[in-house]
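So you know, we letter chains A, B, ... as the sequences are listed, proteins then strands, and number each from 1.
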Amino acid sequence: MASVKPSVPKGTRDFSPAEMAKRNYIFDTIKSVFRKYGYQQIETPAMEKLSTLMGKYGEEGDKLIFKIINNGDFLADGGINESNITADSKKMLPLIAEKALRYDLTVPFARYVVMHQNEISFPFKRFQVQPVWRADRPQRGRYREFYQCDADVVGSNSLLNEAEFVLIYDEALSKLGLRDFTIKLNNRKILSGIAEIIDKNDNIVYLTVAIDKLDKIGLDGVIKELLEKGFTNADIEKIKPVILLEGSNEAKLASLRDALAKSETGLKGCDEIETVLNYIANCPTKTAKVELDITLARGLNYYTGAIFEVKTNEVAMGSIGGGGRYDDLTGMFGLKGLTGVGISFGADRIYDVMEELNLFPEATTESTQVLICCFDADGERYAFPLVQRLREQDITAELYPAGAKIKKQLDYANSKNIPYTIVIGSDEIQSGLLAFKNMTSGVQEKLTAGEIMKRLK
RNA sequence: GUGGAUGUAGCUCAGUUGGUUAGAGCACCAGAUUGUGGUUCUGGGGGUCGCCGGUUCGAGCCCGGUCUUCCACCCCA
């Protein structure tokens, strides 16, 4: 077979030992916080039925789902024939692909809840740390395979959950060493209220997209864009206070209540935000700034209440986390009236941020604690039970195999960042005093095996 | 999906208007040093110049296509 130049698909990556150490540091930190708040881990398959995923993420989302072509002769077995063959790929797709890679963790979780509803006691708090795949065009901080760390609670409409997620974001990201980040809050009901007062329910997306550009293109630019999208001058007058919202969260809420006075839904949204902010006020975040931002329009397809987004202010990077409340996600799978709220951490983006800010502790790259180096086969026979004794004491220890030169063995220790070595030759075997070397300082001492173990514990 | 850049040794990068055998630093291997690493010195291995095609007497350099990575949109973690 002709040799092929090795490569991985666009937007995917290998992770080497040093990277995995850092990635696990992120995963372990986030998981430990999830557990501390009472969330339990589940996993779901990498692939789902295509029908489970399609239509849940909007038209754009459907395009970004990786489809898996049917096994076997998909042209013959898929039931494609003269009568149903067409040039419309949307219609052909279900005939050639019935599985797809998961696009996020929320929809598979909704599917899981419906399938396992009889085993679950509500409210159900679960977390999930797994890769997801999107056929997006890769960029910095944007990959086609990346990990999400999700925590969701279903079966509780209490706003306490929303408040707790703010604290989870704050605690996990603070623990990872981020110093300046903002948790942005919005509420879908406020967006609905804005659309309601100008009777433009179908155009919330244009509205939020335009408002979001305020600091880029200014008020005139926003107005121009809104006019182009079919909004009238009268509409714009009504929502101007909303576009120009500024000041503290309290001030923003007050002007929103003014502007939304005629919308019951809008006022409900304001109340919900206020309740969450009040919980937080009594139990402040350590690091995070919490900010009401009505331009947050993410996940418009299924969010119905709170919307979250987390941004770091230390480096230029898209959001490192997001989430929200969905009142009826399981409804799509036949289980009505079950509400859920959840958040997600983008582990790969957090990694990129931490790498840029140099936030990984030294210790994450340290693997083995002590390496035993021998001059000859006698030393190896002597060292083999010794390395096992060290391991029994929970000391991470290695015995360098196959009698290489001591120089090579010590080079190996350096390249693996191993802080201590034990050198064993005939003198050491005879006296029982082993050469114990500190690789950082270069200091070498003659110690018994027992003394060395005490040093390493 | 639209538009724009990029690609030379394991890594970071030089490489003149197209012209002999494509270079440097770091890394790697060996020796100086047969019981001791990180410093130093000496030597060495390593390249289909992303890939395919075209122009030319001649292409790392020019042209077309393709792939990768990156940037701006769109969207998102």
When only distance counts, do a donor and an acceptor, one from the side chain of A:R142 and one from the base of B:rC75, lie under 3.5 Å apart? yes
Under 4.0 Å, counting only non-hydrogen atoms across every strand here, what does A:G11 touch: a base, just sugar-phosphate, or nothing? sugar-phosphate
Name the nucleic acid region contacted by A:D104, choosing base, sugar-phosphate or nothing; use a 4.0 angstrom heavy-atom cut-off, strictly under. nothing
Check every strand shown and say whether A:K63 touches a base, only sugar-phosphate, or nothing at a heavy-atom separation below 4.0 Å. nothing
Please work out if A:G141 contacts a base, only the sugar-phosphate, or nothing of the nucleic acid, heavy-atom cut-off 4.0 Å. base
Under a 3.5 Å cut-off for both contacts, is B:rA27 paired Watson-Crick or G-U wobble with anything, and if yes, with which nucleotide? none
Can you find a donor-acceptor pair, distance only, under 3.5 Å between A:E428 side chain and B:rG35 base? yes
Assuming nearest nucleotide by heavy-atom distance, tell me which of A:Q139 and A:F345 is located more 5' along RNA chain B. A:Q139
Can you figure out which of B:rA77, B:rU36, B:rC74 approaches the side chain of A:Q148 most closely? B:rA77
Looking at every strand, decide which applies to A:G61 at a 4.0 Å heavy-atom threshold: base, sugar-phosphate, or nothing. nothing
Which residue lies more 5' along RNA chain B, comparing A:Y143 with A:M439 via nearest heavy atoms: A:M439
Begin with the C-alpha distance, continue with both residues' side-chain angles, and end with the deciding distance and a verdict on ring-ring contact (aromatic ring centres under 6.0 Å, His included) for A:Y351 and A:F146. CA-CA 11 Å; A:Y351 183 102; A:F146 62 96; over 10 Å; no
Value in whole Å for how far the P atom of B:rA27 lies from CG of A:N414: 13 Å
